[in-house]
Amino acid sequence: MDVGTSKICTLIGRRRGSALEILGVGLSSSQGIRKGRIVDIGKVARALRDSFFAALEVAQVPPDVVYAGIAGDCVVSLNLEGELFLGRGGREITERDTENVIESTKAKVDLKAQKVLHLLPQEFIVDDQKGVADPVGMVATQLRVRTHLVLAQENHFHNFMKSFQQAGIDVVRIAFQPLASALAVLSSTEKEIGVALVDIGGGTTDVTVFYGGSPRFSKVLPVGGEHITSDLAVGLRTSRDEAERVKVHYGCAFSRHIPDDEVVEVRDLGGTALQAVRRKYACEIIEARVREIFALLAQELRSSGWGKFLQGGIVLTGGTALLDGIAEFASSFLKVPVRLGYPESTNYVGMVQTITSPMFSTACGLLQLAVLETVQKRRSNLFEGLHRARFWFVERLRDYFMME
């Protein structure tokens, strides 16, 4: 379930071979959320139910687990480092060592009133060897790790969970939306050579930079598609609903592509009379806000230091990425390659035509995350069971020979 400022999207799916089968899709207008923050739990709960049951009505199969995506300016991220000494003579690194050194990085952060969403290893350093992906089995005297920590304000997290509880939906996992979207729209090569995923939602724009296969930087910008709609409503002296219609059907982020003499009809504030408006003027209003979004993005990439590592360019996703001309404008403004990101149809079966759009990137990514973590959990439980069986067998053998 992708919970945004403008919409709530629910996908119900299941694993089918190497693909995901989409069984049901549910969309509802988001209520009670402003700039990614919950301002009315009751309204959010009703919107969650509408989206969930719309998907369930199509799928006719209740989900075993529910994953939900969270974003907004209540989410922050940090890059941390930790180290673990393994003894002067060195020894073999175990799985427990990697878990301990990753966990140790949190000790450097005040987690009061914060909820940990993700603690992701970026790279391990074994003695002086950098860039190690999996150090288990290697021999060393020192193990270090660099991690990416994603936190949510505890109050917002509580309100988020309370909305689901009030809706009667049992959520087992909350994930940061851009990390989920990355699973659906980014290639492993892009994440390796450096890419910025820019998810332009209704109330906010979420930015995540990947390099070396791992997330390196995350930021939430306080502007999104609804700000474009508000600007149009003011500039055209019309209602927000009419401004949204104009944006969707006639909007373009690159106003220079629009002929000077093209005219569109727009209803006035009262909704009774039509007024003729130059389409180019409407698109100039849109372009001004889009320019602001990418100016803020450029500033964050520059100040973070990760802007120079984007050999893979920028991938735009989210509902506002559907705005005509936005990728071309971004590429011209930022001077880097830009493409639209959406779930690849080859990875899915079932209701494929419905979900191959940037607006479904987060929901598809959450489905992939659910499948991935479920498989990992089953595998872990299997190994744990085998280990217990092996231990029991060895103990029985020892008891037998001691009896002899």
Side-chain angles (χ1 to χ4, degrees), residues 2-9 27-30 33-37 69-73 75 176-178 180-182 184-186 196-208 218-236 240-255 257-258 282-298 300-301 313-334 338-343 355-365:
D2 170 15
V3 185
T5 301
S6 59
K7 73 174 190 333
I8 295 176
C9 171
L27 283 173
S28 69
S29 177
S30 192
I33 300 177
R34 189 175 301 144
K35 293 184 180 180
R37 287 182 175 268
I70 193 172
D73 59 5
V75 181
F176 188 35
Q177 289 179 0
S181 298
V185 305
L186 296 183
L197 178 65
V198 180
D199 188 335
I200 311 177
T204 61
T205 296
D206 305 323
V207 184
T208 306
S218 302
K219 186 72 176 182
V220 178
L221 308 179
V223 286
E226 291 211 344
H227 295 82
I228 299 173
T229 302
S230 295
D231 292 346
L232 273 176
V234 173
L236 303 182
R240 286 181 61 87
D241 288 345
E242 182 70 354
E244 180 69 17
R245 184 187 70 84
V246 172
K247 181 182 76 173
V248 171
H249 294 287
Y250 304 107
C252 181
F254 234 171
S255 62
H257 292 329
I258 308 302
C283 293
E284 285 171 346
I285 295 173
I286 292 171
E287 183 178 327
R289 182 64 79 168
V290 170
R291 183 182 298 273
E292 180 196 5
I293 292 173
F294 290 121
L296 288 171
L297 171 63
E300 290 295 340
L301 291 175
I314 290 174
V315 177
L316 299 180
T317 194
T320 306
L322 292 169
L323 184 63
D324 186 33
I326 194 168
E328 185 182 353
F329 179 88
S331 182
S332 174
F333 184 82
L334 298 169
V338 177
R339 73 169 179 88
L340 294 184
Y342 48 86
I355 55 91
T356 49
S357 163
M359 68 185 294
F360 288 103
S361 296
T362 296
C364 285

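Closest approach of A298 and L334 over heavy atoms only: CB-CD2, 3.7 Å. Taking both residues in full, the closest heavy atoms of T208 and P178 are given as OG1-CB, 3.1 Å, listed atom of the first, atom of the second, then distance. The two atoms that bring G341 and V315 nearest to each other are CA-CG1, 3.5 Å, heavy atoms only. Taking both residues in full, the closest heavy atoms of L27 and C9 are given as CD2-CB, 3.7 Å, listed atom of the first, atom of the second, then distance. Closest non-hydrogen pair, D199 versus G318, comes out as OD1-CA, 3.3 Å. The minimum heavy-atom distance linking A321 with I326 is given by the pair O-CG2, 3.5 Å.
Judged by distance alone, with hydrogens and angles left aside, the side-chain atoms of K247 form a donor-acceptor pair with the main-chain N or O of G225 at under 3.5 Å. Looking only at distances, a side-chain donor or acceptor of Q177 sits under 3.5 Å from a matching main-chain atom of V3. In this structure a side-chain-to-backbone donor-acceptor pair under 3.5 Å is missing from T317 to Y342. Within the 3.5 Å criterion, the main-chain N or O of P358 finds a donor-acceptor partner in the side chain of S361. The backbone N or O of V220 sits nowhere less than 3.5 Å from a side-chain atom of T204 that would complete a donor-acceptor pair. Under the 3.5 Å distance criterion, the side-chain polar atoms of T205 are left unmatched by any main-chain donor or acceptor of L221.
With a 4.5 Å cut-off on side-chain heavy atoms, L197 and S181 count as touching.
With sequence neighbours left out, the ring pair (Phe, Tyr, Trp, His ring centres under 6.0 Å) criterion links F329 to F254, F333.
Atom CG of residue L316 and atom CD1 of residue I293 lie 10.0 Å apart, to the nearest 0.5 angstrom. The CD1 atom of I33 lies 11.0 Å from the NZ atom of K7; values are rounded to the nearest 0.5 Å. In this structure, the separation between CD1 on I200 and CG on L323 is 8.5 Å, given to the nearest 0.5 Å. Atom CE of residue M359 and atom OG1 of residue T320 lie 10.0 Å apart, to the nearest 0.5 angstrom. Taking SG from C252 and CD1 from I286, the interatomic distance works out to 8.0 Å, rounded to the nearest 0.5 Å. Rounded to the nearest 0.5 angstrom, T229 OG1 and D241 CG are separated by 9.5 Å.
Contacts classified as salt bridge (charged side-chain N to carboxylate O under 4.0 Å, His left out) and involving residues 226-235 (residues at least two apart or in different chains) are given here: E226-R240, D231-R289.
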What's the verdict on side chain to side chain contact (heavy atoms under 4.5 Å, CB included) for T5 and S30, showing C-alpha distance, side-chain angles and the deciding distance? CA-CA 6 Å; T5 301; S30 192; 5.7 Å; no
Mind running side-chain hydrogen bond (donor to acceptor under 3.5 Å, both in side chains) on H227 and E292 for me, showing each step along the way? CA-CA 11 Å; H227 295 82; E292 180 196 5; over 6 Å; no
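Looking at D324, I258, L232 one by one, the single match for side chain to side chain contact (heavy atoms under 4.5 Å, CB included) with C283 turns out to be I258.
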